[in-house]
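Here the structure comes first, spelled out in structure tokens, and everything after it is commentary.
Note on naming: letters A, B, ... go to the chains in the order of the sequence lines (proteins, then strands), and numbering restarts at 1 for each one. As the structure is a computational prediction, the values presented were derived from the model and not from experiment.
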Protein chains: 2
Amino acid sequence: MDRDQVLRAAAALLSRKSTATMDEVARAAGIGRATLHRHFAGRDALVRALEDLGIREFEGAFDRARLDEGSAVEALRRLVAESERDAQLLAFLVTENQLFEGDQINEGWARLDARVSALFKRGQEEGDFRIDLSPAWLTEALYGLIGTCAWAVMDGRVAAKDFQYMITELLLGGVRRSVEK
Amino acid sequence: MDRDQVLRAAAALLSRKSTATMDEVARAAGIGRATLHRHFAGRDALVRALEDLGIREFEGAFDRARLDEGSAVEALRRLVAESERDAQLLAFLVTENQLFEGDQINEGWARLDARVSALFKRGQEEGDFRIDLSPAWLTEALYGLIGTCAWAVMDGRVAAKDFQYMITELLLGGVRRSVEK
DNA sequence: ATTGAATGAGACATCGACGTCTCATTTGAG
DNA sequence: CTCAAATGAGACGTCGATGTCTCATTCAAT
């Protein structure tokens with residue numbers, strides 16, 4: 001069991017039950033509690049490791065999505081596709097705002113936010129996206145939809161294979177049916 | 001300080017910091033810890049009271065929104081408008097899936113889910129909504145967007161007055177700009 | 001003003017999670 | 001096979017949150 005695998009298992013569990021015990025986390029990862037403590041000094045260290053992993057993974061996901069290339073619509077589709085792998089991790093981190101208590105926002109997240117926000121801004125400037133929804137809100141909404149869909153998949157309310165489609169279609173086109181599309 | 005006001009203050013705090021202490025909850029509500037315990041036997045009772053309040057409030061919100069009247073689009077707009085007041089409460093309850101552990105879904109939530117889902121289904125059958133996004137997913141997405149926007153407002157990333165607009169416009173029309181709208 | 005209920009502050013014991021430790025067992029490299 | 005490192009299981013003390021209690025004070029109704 002790799003260190004990152006342990007972290008992913010922890011994210012999958014903690015995203016649904018944020019108050020899960022260290023023992024539960026260990027069981028979910030298929031290792032003993034002692035081994036979990038050998039990898040991560042304590043709960044704080046575990047959460048911080050999850051944070052670091054999340055930032056690293058999404059930094060890489062954003063790179064692979066090539067947010068600056070092609071149309072903003074295509075870039076957004078690639079972004080969602082690349083985010084699927086770490087959706088549970090994102091779901092956990094988004095709900096753990098308590099990490100940033102004392103308004104000391106993590107610099108890594110600020111950088112990620114800026115990249116997503118820039119993508120939405122580019123779409124607006126190029127005329128592909130509407131301008132009455134702020135990039136900041138769209139960024140939050142994207143995170144929220146990814147996390148929500150990850151939960152829905154975990155609960156069996158959405159098929160895993162529909163992950164990308166459900167998010168991108170709702171985000172891009174909305175629910176309203178328009179004859180011209 | 002009314003009982004419901006205490007619950008709302010608790011929801012506002014717990015939606016951001018789900019591990020908040022009973023003492024913190026009491027302080028947030030402006031009452032003493034002993035008084036909090038007089039109202040709610042313990043933490044479990046508090047959470048269950050939040051659940052009950054949420055179900056009650058949204059049952060009423062759905063009634064006021066008259067989901068069966070007019071077009072599905074208008075009904076959805078009314079639904080978001082009526083949900084604003086309890087958005088923080090929803091944000092907390094949505095993330096507390098741990099309440100339903102042991103797949104014993106709360107009956108009240110199942111009823112609410114059915115009503116929202118029926119609204120989306122009606123919109124699809126009347127030709128207003130697209131049919132390639134399942135009502136179950138749209139229901140989850142609606143909850144997710146309301147919760148996300150509530151957080152964004154709390155963090156100052158979205159203006160409170162834009163709450164309804166940001167959610168309804170994104171949900172109905174998506175970010176893509178279409179010339180025919 | 002008086003009285004009874006409600007509140008806030010604090011003390012206290014209990015309990016569960018945490019973190020550290022030991023030891024037997026397993027794993028993997030040589 | 002041998003040996004060293006890693007792991008799982010469990011024991012143990014610590015610490016913080018919890019829930020209950022008391023008591024002085026405040027509040028509201030009469």
Notebook entry, point to check: Between Thr95(B) and Thr95(A), does any side-chain donor sit less than 3.5 Å from a side-chain acceptor?
Noted result: no
Notebook entry, point to check: Among dT7(C), dA11(C), dG19(C), which is the nearest nucleotide to the side chain of Met22(A)?
Noted result: dG19(C)
Note to self: Testing the basics here: between Phe40(A) and Ala49(A), what is the closest heavy-atom pair and its distance to 0.1 Å?
What the structure shows: CE2-CB, 3.6 Å
Item checked: Inter-axis angle, terminal five-pair segments of the helix from dA1(C)-dT30(D) to dG30(C)-dC1(D) [nearest 10°] -> 40°
Next item on the list: Using a strict cut-off of less than 4.0 Å between a Lys/Arg side-chain nitrogen and an Asp/Glu carboxylate oxygen, indicate whether Glu74(A) and Arg66(A) qualify as a salt bridge.
Entry: no
Check: Is a salt bridge present between Arg78(B) and Glu69(B), judged by a nitrogen-to-oxygen distance below 4.0 Å?
Finding: no
Checklist line | Pairing of Asp63(B) and Arg115(B) as salt bridge, 4.0 angstrom limit | finding: yes
Next item on the list: Could you pick out which residue, Gly30(B) or Arg33(B), lies toward the 5' side of DNA chain C when each is mapped onto its nearest nucleotide?
Entry: Gly30(B)
Margin query: Closest-nucleotide mapping onto DNA chain D: is Asp23(B) or His39(A) further toward the 5' terminus? I mean the 5' end.
Written below: His39(A)
Check: Ion pair present between Arg16(A) and Glu96(B), side-chain N to carboxylate O less than 4.0 angstrom?
Finding: no
Check: Any salt bridge between Glu51(A) and Arg56(A), counting N to O under 4.0 Å?
Finding: no
Notebook entry, point to check: Would you call Asp23(B) and Arg27(B) a salt bridge, using N to O less than 4.0 angstrom?
Noted result: yes
Notebook entry, point to check: Quick one: Phe40(A) CZ to dT20(C) P, roughly how many Å, whole number?
Noted result: 15 Å
Notebook entry, point to check: First and last nucleotide of DNA chain D touching chain B, 5' to 3', heavy-atom cut-off 4.0 Å?
Noted result: dA17(D) to dT22(D)
Note to self: For a quick check, tell me whether the side chain of Arg43(A) and the base of dG19(C) share a donor-acceptor pair closer than 3.5 Å.
What the structure shows: no
Next item on the list: Identify, between Arg38(B) and Gly42(B), the residue whose nearest nucleotide on DNA chain D lies closer to the 5' end.
Entry: Gly42(B)
